[in-house]
Amino acid sequence: MPFNVPDVKPLIEDEFVGEAAKRALQYIQTKRAAGMPVAGIYCGYAPMEVIRAVGAVPAILCAFANKTIAAAEAVLPANLCPLIKSSYGFIITDTCPFFGISDAVVAETTCDGKKKMFELISEYKPMFVMDLPQLPDEKEALANWAVMITKLQGFLEKTFATSATLEGIEREIKATNIKNRMMNRLFDYAAKKPSLLKWSETYELAFLAQVATTDDLQATFEEAFKTIAAREAKGVHYGTASAPRVLVTGCPMGGDSTKVYKIIEEAGGVVVAMDSCTGMKPFMTEIEENTGDPIAAIAARYLQLPCSCMTPNTRRLDELDKTIARFQPDVVIEVVLHACHSYNIESYKIMNHAKSKHNLPYLKIETDYSDGDVEQIRTRVEALFDSL
Amino acid sequence: MMAIGLDIGSQTIKLVVWKNGAVVLTRKELTSHDPLAVCRELLKNTPGGPLRATGYGRHLVKEYLQCETISEIKAFALGARAVFPSCRTILDIGGQDTKAISLTADGRIDKFHMNDKCAAGTGRFLEIMATALGLSLEDFMTEALAAKTSHPINSMCTVFAESEVISTIARGTARPAIALGIHQAIAARAVSLLERVSITDDILFAGGVALNRCIQKEIENKLGRKVHAPDAPQIIGALGCALLAAKDV
């Protein structure tokens, strides 16, 4: 699936096109060389504003490569989620550059697999485990999560021998909001009919935007928006105008699991929305500003994230309604990583919601980081498009 | 008017030639390590005409034979309606996968489900279980049909099921009872897949496993309704391709 014209200028023009993780790594290494400590994180619930306010740079430790899974399976059960196995495999083989340069690790209790894996790696680096409330609508949830965030602040301040002020945290809230507005401007171009962006462009910018500060992203954004404006002026778009528009939802996707995005494209579809923690999810909402209690504001915003670890996770259905209205997909494809029970079970609700409320065809793909099921997935995706 | 359909499956490759509204030629060969060579052999001395391909090997032959490809789901939907116009539900159990498809009243694909990459309950599974019992495929079915009792087999992973069968033999369980247990396990899996799509009106059973009357009977017992297996269940996908190719003419 190409653009409708040849030789389209990519959104980010650097030596890392197609290598989102390497680009992020170089950014973090530069910051570390300049004296900033690195805080490794494991999910979208890690409060970035606090990490930045203590003067640290975040590094995402979730891994997406099949190559370390065999090493991990020497310790971890084989029927565990590939994201956990891959991440752990990188650590025990000492090949994860992100973990290697992390000065501390922020670990969120989003699932049982991660929780117990954190115990196994707790010896390697100073670690702070955040007890994430999983009944977000209970009245204590917000206060409990705010306490956790304050404790995290204390841990980071002690570990890095720095301190954060409330004003500093408030500044970071505002910076996040500016960043999220820019990301949403980008998503609006992906949402155009036909889309102006290839999925990997949105994916790569989202990957960088998770770790980079808003200030550091300004130039990249300006260049990207200029490039998009030029595309728009020339009538450039991605894929054919009649190509099925695909909303991909579910587990975080990256590295080897982006095979699913590639298969969708090869089958003639255009991925217009990536509803996951490595896609659009971290940028969709803003944090309330000038509340006088920035920690509470941060706690409130992060608790809104509709991860399947939450129960009931009605926000995911509400967000899905908005995403469908905004991106106008023709089909919904859910990607569930093996042994991710919460996304897997919740997929039943997502399927019913997509089919009944939105009259959209739905396909669930359960997969891992290996390429052994590529042809089976291809058959299903092609059949899904055939049935439109 | 002539049109050709090819279904490059995991175990066998099927060819159908369609002429003036009827099947005039069918051919079938083992897929082997070189499916492209097998396709060329099958295509030898066939009348020229538009060609469509489906099955796991469809993308391989696409460039070499310069033909369009379609997914198995669509091919089976088209083929099934051609041999059995009233069918709304299709079960296909092939060499390495199982699919259930439900169709709308006018024959379009409504829902479909496929097993994952695991070969549990497929033709390959049947072959391995027959071998574990020291039987040919034909005798495996005959023993199961004649069995008075059944010994349930719980594992559906091919490797674990083989171990379970071997340990069941070691405990002295009669071979026909094990054979029937295996057939019932496959039928149960197929029924659960069918239940994921809605079962409407007539059910057509396609793919190589549809040649197995014991599986067919066990599925019928579990569903409490008739399951129709056509005379040549293996050619349904290739037939669907030929029909679509004929439309191009």
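Just so it is clear: chains get the letters A, B, ... in the order the sequence lines come, proteins before strands, and each one is counted from 1. These numbers come from the heavy atoms of this one structure, side chains and all, not from hydrogens, waters or symmetry mates.
- Shown here is Asp7(A), whose CG atom has no more than 12 heavy atoms of other residues, nucleotides or ligands within 6.0 Å.
- By the 6.0 Å contact criterion, CG on Asp371(A) is open, its count of non-hydrogen atoms from other residues, nucleotides or ligands being 12 or less.
- Looking at Lys111(B), the atoms closer than 4.5 Å to chain A (heavy atoms on both sides) all sit in the side chain, from C-beta outward.
- Shown here for Thr379(A) and Tyr56(B), the closest heavy-atom pair between the two residues is OG1-CE2, 3.7 Å.
- In summary, of the residues considered (Arg378(A), Glu382(A), Arg380(A)), a side-chain contact (heavy atoms from CB on, under 4.5 Å) with Ser71(B) occurs for Glu382(A) alone.
- Only the side chain of His59(B) comes within contact range of chain A, with heavy atoms under 4.5 Å apart.
- If you measure heavy-atom distances from Lys364(A) to chain B, you find no contacts under 4.5 Å at all.
- Atoms CG and CD, from Asp97(B) and Glu375(A) in turn, are 12.0 Å apart once rounded to the nearest 0.5 Å.
- When heavy atoms are compared at a cutoff of 4.5 Å, Leu388(A) does not approach chain B at all.
- A distance of 10.5 Å separates CD1 in Ile377(A) from CE in Met114(B), rounded to the nearest 0.5 Å.
- Taking a 6.0 Å sphere around NZ of Lys222(B), one finds it holds more than 12 heavy atoms contributed by other residues, nucleotides or ligands.
- The number of heavy atoms from other shown groups lying within 6.0 Å of CG (Asp34(B)) is above 12.
- A distance of 5.5 Å separates CG in Asp386(A) from CD1 in Ile109(B), rounded to the nearest 0.5 Å.
- The environment of NZ in Lys355(A) is crowded: more than 12 heavy-atom neighbours from other residues, nucleotides or ligands sit within 6.0 Å.
- Within 6.0 Å of the CZ atom in Arg196(B), the count of heavy atoms belonging to other residues, nucleotides or ligands does not exceed 12.
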